6 protein chains.
Amino acid sequence: MISDTVFAAELAWPDYQRRVQGGAVPILIPLGSMEQHGHHMPMHVDVLLPTEFARRAASEIGALVAPPFTYGYKSQQKSGGGNFFPGTTSLDGVSLINALKDVVKEFARHGIRNICIVNGHFENSWFIVEGIDLALRELKWSGINDVKVVVLSYWDFVDQASIEKIYPDGFLGWDIEHGGVLETSLMLLLHPNLVSLQNAVEHAPATFPPYDVYPSKPEWTPASGTLSSPKEATAEKGEILLEVCTRGIVAALRKEFNFEGDVVAAE
Amino acid sequence: MISDTVFAAELAWPDYQRRVQGGAVPILIPLGSMEQHGHHMPMHVDVLLPTEFARRAASEIGALVAPPFTYGYKSQQKSGGGNFFPGTTSLDGVSLINALKDVVKEFARHGIRNICIVNGHFENSWFIVEGIDLALRELKWSGINDVKVVVLSYWDFVDQASIEKIYPDGFLGWDIEHGGVLETSLMLLLHPNLVSLQNAVEHAPATFPPYDVYPSKPEWTPASGTLSSPKEATAEKGEILLEVCTRGIVAALRKEFNFEGDVVAAE
Amino acid sequence: MISDTVFAAELAWPDYQRRVQGGAVPILIPLGSMEQHGHHMPMHVDVLLPTEFARRAASEIGALVAPPFTYGYKSQQKSGGGNFFPGTTSLDGVSLINALKDVVKEFARHGIRNICIVNGHFENSWFIVEGIDLALRELKWSGINDVKVVVLSYWDFVDQASIEKIYPDGFLGWDIEHGGVLETSLMLLLHPNLVSLQNAVEHAPATFPPYDVYPSKPEWTPASGTLSSPKEATAEKGEILLEVCTRGIVAALRKEFNFEGDVVAAE
Amino acid sequence: MISDTVFAAELAWPDYQRRVQGGAVPILIPLGSMEQHGHHMPMHVDVLLPTEFARRAASEIGALVAPPFTYGYKSQQKSGGGNFFPGTTSLDGVSLINALKDVVKEFARHGIRNICIVNGHFENSWFIVEGIDLALRELKWSGINDVKVVVLSYWDFVDQASIEKIYPDGFLGWDIEHGGVLETSLMLLLHPNLVSLQNAVEHAPATFPPYDVYPSKPEWTPASGTLSSPKEATAEKGEILLEVCTRGIVAALRKEFNFEGDVVAAE
Amino acid sequence: MISDTVFAAELAWPDYQRRVQGGAVPILIPLGSMEQHGHHMPMHVDVLLPTEFARRAASEIGALVAPPFTYGYKSQQKSGGGNFFPGTTSLDGVSLINALKDVVKEFARHGIRNICIVNGHFENSWFIVEGIDLALRELKWSGINDVKVVVLSYWDFVDQASIEKIYPDGFLGWDIEHGGVLETSLMLLLHPNLVSLQNAVEHAPATFPPYDVYPSKPEWTPASGTLSSPKEATAEKGEILLEVCTRGIVAALRKEFNFEGDVVAAE
Amino acid sequence: MISDTVFAAELAWPDYQRRVQGGAVPILIPLGSMEQHGHHMPMHVDVLLPTEFARRAASEIGALVAPPFTYGYKSQQKSGGGNFFPGTTSLDGVSLINALKDVVKEFARHGIRNICIVNGHFENSWFIVEGIDLALRELKWSGINDVKVVVLSYWDFVDQASIEKIYPDGFLGWDIEHGGVLETSLMLLLHPNLVSLQNAVEHAPATFPPYDVYPSKPEWTPASGTLSSPKEATAEKGEILLEVCTRGIVAALRKEFNFEGDVVAAE
């Protein structure tokens with residue numbers, strides 16, 4: 001039995017209880033999706049990546065990682081290709097809001113006071129905010145006023161220097177990074193056996209008008225499902241991304257959760 | 001990239017599409033929980049076990065396995081010890097109903113017509129029925145009338161002969177098998193590194209009055225969180241259970257999903 | 001005007017107020033259904049029987065009986081024949097959860113602290129738990145922490161000795177007692193004018209595979225709608241059942257609601 | 001067994017099926033409440049009276065009566081005294097909407113096409129409309145477009161001639177008839193054993209300003225809970241009311257449900 | 001910038017904060033609809049009129065006016081002609097309940113303790129009550145117990161003397177005033193450029209049976225959409241109505257919100 | 001009466017019906033909020049601006065403008081300062097989703113097939129998507145498959161050339177334009193009497209870490225409530241913005257709604 005794991009669900013409850021009592025130890029909840037990521041990557045990229053970032057950050061600061069959310073909100077055309085692809089399997093907004101609300105409240109019931117949502121699927125952002133707001137409201141009704149929730153998407157920690165290394169020909173924005181160099185590089189590093197770069201479809205970056213249309217217009221999305229070509233992805237770029245994002249997440253959590261080096265050492 | 005995997009989310013979408021088109025290939029959805037399972041087992045037993053049963057059954061009949069539900073309904077005192085243990089992390093009924101409803105409808109949108117819920121957490125049963133009923137209702141409104149859903153809990157396939165081998169001193173019912181010989185034997189076989197049998201607490205089988213009380217009465221549950229002693233668990237018993245349940249599940253799916261040997265062979 | 005009635009809704013409000021103030025007097029809420037019960041019994045068996053058990057138990061311990069829930073959750077194939085029969089009239093899960101939540105909270109607002117759900121329809125069980133959990137949660141938000149709810153189904157109080165008398169040829173489980181000897185015997189005793197035993201259809205006990213299928217498969221249910229033959233039902237067996245269940249319910253409520261004989265006498 | 005009953009739930013399902021097939025036979029659903037009705041009447045007046053009107057109307061036109069809704073919407077100060085009285089036990093709006101929606105849809109599933117809501121509790125009106133609107137919307141999604149629902153409150157059928165007989169000193173409006181001459185006269189006629197006219201409190205008719213205030217102001221409601229004095233109630237007045245309302249309801253249903261005398265006779 | 005406006009949303013937040021702090025200043029929330037009002041009036045009569053009443057009352061007592069609700073509950077046949085007219089654009093009950101609940105809670109969060117709903121659309125009444133009840137319940141959970149909400153519809157303040165002046169040939173009830181003399185006279189006075197009295201259709205007052213039918217029967221509503229003829233409407237009658245209703249509303253708010261003349265003067 | 005207005009609610013229903021029949025005429029729905037916009041602007045900026053853009057676009061292409069949504073989703077710290085300011089008055093996510101769903105469905109019921117959401121409040125975006133998705137789903141259930149919805153936020157149409165003119169010292173992103181040069185310039189042009197530029201607080205652009213924290217941290221938001229200084233705002237810049245955004249919106253709608261110049265001329 002792995003008693004030194006960071007994965008909360010791998011612990012027996014008495015070990016979990018020892019870890020969370022006092023409320024100082026944070027828990028990180030990865031939120032993903034089952035969403036097409038082109039011809040060259042599997043559909044649970046958005047689960048695998050935030051789970052790995054959560055694992056690394058938790059290891060560094062002595063936190064726990066909760067079981068990931070394996071389904072997320074509906075893929076949007078300009079950030080994920082659209083929800084019409086076979087395989088993309090999504091929740092209604094209210095389903096995601098409620099499930100996240102419930103889980104946040106349960107961890108607070110256990111005594112945890114520092115919670116971090118590690119998002120791997122852009123479209124979830126919209127409903128994470130509401131799930132947390134409702135959870136904090138109900139926790140207040142229960143007399144619990146000291147829960148703090150950090151919400152982050154790992155790509156937001158990529159800095160300018162890294163962008164220049166990863167996109168030497170210019171960076172066109174995170175929007176069209178769906179199935180592109182960012183995710184593919186990380187997957188090549190972390191889960192190379194799940195990537196088939198040779199299947200990747202090369203195409204010009206997707207461009208969209210400054211508005212959305214519903215029902216989605218499949219002709220707007222490149223037929224591959226990716227929004228920019230992943231051909232320039234490499235495991236080396238994955239290293240850069242992994243390093244800068246992990247470092248950023250760790251720093252953010254240390255700051256917001258008032259970690260001292262000693263506290264972490266003592267874990 | 002693993003194109004021969006049974007795990008749907010490990011596929012790229014074009015591979016998934018090829019597999020599901022025509023509607024004959026079933027998808028199996030494991031439903032678990034994050035729930036305490038005593039001092040000797042981790043809290044995601046109810047995810048690990050149905051996922052493994054689903055994987056085995058899917059391999060045999062050429063089906064797919066969907067990402068598991070990692071959180072489930074509230075642990076009940078007489079079947080799971082109760083929801084008051086630290087670590088047990090549960091959803092409200094309506095959250096589970098809605099999330100399952102959404103996912104069933106999405107797989108139907110992809111063209112899948114044969115769906116199996118492989119449940120690993122007794123308390124989910126109550127809300128799986130409603131989630132499916134609502135999904136089928138809405139699918140009908142969308143003109144889809146030919147989706148068939150099989151719901152099963154793997155332990156229901158243990159036959160009398162196996163029970164006699166596994167419980168030579170008599171069987172007291174599945175209710176109190178929470179964290180007991182059944183689950184522990186399977187975990188010893190399948191995930192031995194996640195079990196610490198030496199930490200298991202020996203105690204007489206839990207007994208309960210013929211009614212329930214809310215709020216739960218912690219004094220009714222053995223302090224360990226298990227409802228019967230797992231001490232007699234062995235990997236060998238796990239083999240018996242694995243074999244009989246897998247065989248039963250496979251037979252059920254073949255029958256309900258009209259599989260011919262040839263169809264499966266052709267997969 | 002019947003001021004000594006146990007039926008709360010037969011009281012004028014000042015009488016009700018006198019009875020409930022202080023919070024010691026329990027209220028029993030019968031939960032039934034409108035569900036087919038074969039060719040020989042009416043569709044409100046699941047309302048009539050728990051109401052009568054509630055009435056008898058309330059009389060003995062000085063409790064009140066609330067108006068029954070006349071509709072319940074969807075009939076399931078393996079316990080009630082299935083929801084496809086004409087006449088069976090059911091609620092969605094969330095409707096039942098919410099209505100029960102509301103009513104429990106209202107009785108708590110009146111000052112009642114001991115509530116018992118007397119269930120007569122197996123399928124309700126699934127949603128009673130959630131309705132109570134939500135009610136207790138919201139009551140806590142209102143600062144009310146001392147409400148206790150006992151949930152029971154009357155048939156769970158039949159003991160082994162009674163079973164042997166009632167089923168001399170062997171007992172096959174409560175599941176298939178839908179419209180069978182249990183319910184029919186009680187109805188023959190309590191509401192003989194509503195039973196036509198001559199219309200009962202004799203058939204072998206229903207058998208089901210160890211899984212469920214949705215949509216329901218009508219061919220699994222005996223055409224009569226009952227799951228076992230009621231032909232051996234008698235009013236005498238009804239007497240045995242009535243006595244053992246009433247006695248069990250009374251004992252349970254005395255125990256859980258901390259009744260002393262004197263308290264009851266003083267009512 | 002009463003095969004000639006108008007109460008649908010007293011029928012065995014094959015009898016029910018025979019009655020409803022073809023869709024011509026209407027079903028009447030009584031909607032009541034558990035609500036204080038002063039010192040002289042029990043709290044289920046609003047269930048008893050519409051059930052009796054439904055029974056009489058159904059008998060005349062060959063219709064069925066469904067099980068009553070035993071709980072209703074929150075009592076309002078200007079029509080029912082307010083929801084703060086002990087004993088008054090109410091549902092949230094959405095609970096009532098959903099439960100009624102479910103039941104209407106179920107009767108339509110059985111083949112019934114003519115449904116009448118017989119309301120006995122003014123405050124329900126607000127949510128009956130929405131429950132029916134949602135039911136008809138969902139039935140349309142299911143391809144059922146020919147369900148017709150009549151909604152009525154029995155008191156709306158009292159004509160001017162009857163009012164003059166019943167209120168010789170002048171009529172002040174149905175609003176303040178809560179627990180007054182109307183309901184009390186009907187109860188004296190139909191359920192005299194449930195009325196204690198000697199306990200009735202005499203007081204001037206309640207008067208209210210032309211607006212509402214929340215939270216309710218208990219001082220606005222006469223302390224008795226009634227809004228006008230029931231002292232002038234008599235069983236004879238009950239006869240007048242029963243006759244005129246029953247006649248009106250029957251005529252309305254015949255007209256809306258296209259009944260010919262022959263059809264009814266043929267029942 | 002208009003710092004002396006009564007319209008809260010025309011204020012900058014620091015000005016708003018100054019006005020509401022202490023909680024004494026009331027806020028009035030106009031609730032309207034987008035609903036047909038015959039051939040001679042626009043579809044936002046039910047927004048314009050309560051907003052104007054709110055503006056006038058707020059000016060007199062030193063209150064604020066919140067942004068109006070521009071959509072309301074479904075038009076009913078006997079009070080608004082029915083929801084089948086093109087142009088009538090309505091909310092489901094639960095949508096209106098929830099939106100109003102949210103807004104009431106937000107104003108309470110700002111410190112406001114005196115809230116008035118100024119309703120201009122009869123059908124909203126049904127859901128205003130529930131929205132307020134839920135808001136007050138949740139505010140209590142948040143520890144806020146001193147919010148008072150007055151609910152009024154402006155026409156309820158027309159007194160007998162005014163009725164006699166406005167309807168010299170007899171008054172037939174507010175029900176059929178939809179698009180009739182009341183609303184048209186007020187619009188002629190306040191928004192003459194939005195009224196085309198020459199387009200008004202003259203017809204006898206609508207009469208309805210003492211029950212409702214769903215789906216609505218368009219043949220019950222006069223083809224014009226109005227329920228009584230607006231031909232006798234004049235701006236002078238509008239003056240009478242404006243004066244008597246404003247006076248009544250002001251008096252009600254002064255009384256319920258404990259205004260002293262001095263307090264108002266000091267505003 | 002203004003029969004040539006673009007505001008749908010200013011029309012009488014027969015005029016509205018003439019306009020919408022055939023389905024070609026689009027309707028534009030402005031979605032705003034009541035949200036603080038600093039010391040120098042009122043709280044309904046997000047209603048006024050999209051309504052004006054909608055009015056102009058509708059005038060050019062012969063479309064209609066629906067009544068605006070006057071309340072929106074909760075202000076977020078990094079785009080609107082946060083929801084903790086007095087005056088900011090917001091809806092829960094599900095309330096906004098449902099209200100928008102209802103309104104979209106109603107316009108479709110009237111025969112409209114081209115709908116445009118003109119958003120003025122960034123935070124709404126998150127829930128507009130879901131409201132539309134649910135509306136289109138339910139419309140499909142009703143057999144209506146040809147409704148097209150364009151969603152746009154006016155600021156997304158500002159092109160690079162305009163940005164350079166408006167922000168000669170560099171543009172820092174739309175995020176921090178809350179109450180800044182963009183909105184203030186437009187308000188100075190369109191509603192100068194509602195702006196007090198002298199009250200505007202000058203401060204450096206707000207900077208935020210690459211993550212969010214809940215509950216919000218008021219110290220992150222400049223005390224003024226604006227996220228960048230509006231001091232450089234001018235009516236001339238407002239002209240540039242008004243022109244480029246209107247032009248862009250008009251082009252987008254012509255394209256998506258298949259407008260030919262002739263069609264518009266023919267209106």
Side-chain angles (χ1 to χ4, degrees), chain A residues 1-3 5 7-17 20-21 32 34-45 47 66-71 83-92 94-103 106-107 109-111 193-197 199 224-225, chain B residues 1-3 5 7-17 20-21 32 34-45 47 66-71 83-92 94-103 106-107 109-111 193-197 199 224-225:
Chain A
M1 188 153 191
I2 313 163
S3 66
T5 180
F7 289 110
E10 288 183 358
L11 294 170
W13 75 264
D15 296 323
Y16 175 84
Q17 185 181 38
V20 305
Q21 67 196 359
M34 177 172 171
E35 187 193 30
Q36 68 82 15
H37 275 74
H39 291 227
H40 67 297
M41 285 204 294
M43 292 191 287
H44 58 353
V45 166
V47 176
F69 277 58
T70 52
Y71 300 94
N83 209 53
F84 50 85
F85 280 88
T88 298
T89 307
S90 307
L91 302 177
D92 276 7
V94 72
S95 306
L96 181 53
I97 289 169
N98 284 341
L100 182 58
K101 179 185 75 167
D102 293 347
V103 168
E106 283 284 76
F107 289 131
R109 175 175 64 78
H110 305 159
N193 62 318
L194 290 172
V195 186
S196 298
L197 201 51
N199 291 349
S224 64
Chain B
M1 189 155 191
I2 314 164
S3 65
T5 179
F7 290 111
E10 288 183 358
L11 294 170
W13 75 264
D15 295 323
Y16 175 85
Q17 187 182 34
V20 306
Q21 67 196 0
M34 177 172 170
E35 187 193 32
Q36 68 83 15
H37 275 74
H39 290 227
H40 67 297
M41 285 203 295
M43 292 191 288
H44 57 354
V45 166
V47 177
F69 277 59
T70 52
Y71 299 94
N83 210 53
F84 50 85
F85 279 89
T88 298
T89 306
S90 307
L91 302 177
D92 276 7
V94 73
S95 306
L96 180 53
I97 289 170
N98 284 340
L100 182 58
K101 179 186 75 167
D102 293 347
V103 167
E106 282 285 76
F107 288 131
R109 174 176 64 78
H110 304 160
N193 62 319
L194 290 172
V195 186
S196 298
L197 202 50
N199 290 349
S224 65

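These numbers were taken from a predicted model, which means no experiment stands behind them. Letters A, B, ... are given to chains in the order of the sequence lines, protein chains preceding strands, and every chain is numbered from 1.
Considering every non-hydrogen atom in both B:Met43 and A:Ala8, the closest pair reads CE-O, 3.3 Å. Counting all heavy atoms, side chain and backbone alike, B:Ala12 lies closest to A:His39 at CB-O, 3.6 Å. Across all their heavy atoms, A:Leu91 and B:Ala99 have their closest contact at CD2-O, 3.9 Å. A pairwise comparison of heavy atoms in A:Phe107 and B:Met34 identifies CE2-CE, 4.0 Å as the closest pair. The nearest pair of heavy atoms linking A:Pro42 to B:Ala9 is CB-O, 3.2 Å. Pairing each heavy atom of B:Gly38 with each of A:Pro14, the nearest pair is O-CD, 4.1 Å.
Interface remark: B:Tyr16 contributes side-chain atoms only to the contact with chain A (heavy atom separation under 4.5 Å). For A:Phe85, the parts lying under 4.5 angstrom from a heavy atom of chain B are both the backbone and the side chain.
In terms of heavy-atom pairs under 4.5 Å with chain B, the best-connected choice from A:Gln17, A:Arg109, A:Glu35 is A:Arg109. With chain A as partner, the option from B:Val45, B:Asn83, B:Thr89 having the largest number of non-hydrogen pairs under 4.5 angstrom is B:Thr89. Listed options B:Gly111, B:Gly225, B:Ser224 were ranked by heavy-atom pairs under 4.5 angstrom with chain A; first place goes to B:Ser224.
In this structure B:Asp92 satisfies the side-chain hydrogen bond (donor to acceptor under 3.5 Å, both in side chains) test together with B:Lys74, C:Arg137, sequence neighbours excluded. By the side chain to side chain contact (heavy atoms under 4.5 Å, CB included) test, A:Val47 is found to be paired with A:His44, A:Thr51, A:Pro68, residues two or more places apart in sequence or in another chain being considered.
Among B:Asn98, B:Val103, B:Val94, the one residue that satisfies the side chain to side chain contact (heavy atoms under 4.5 Å, CB included) test with A:Ser95 is B:Asn98.
Here the side chains of A:Trp13 and B:Thr88 are not in contact, with every heavy-atom distance at 4.5 Å or above.
At least one donor-acceptor pair closer than 3.5 Å links the side chain of A:Glu106 to the backbone N or O of B:Ser90.
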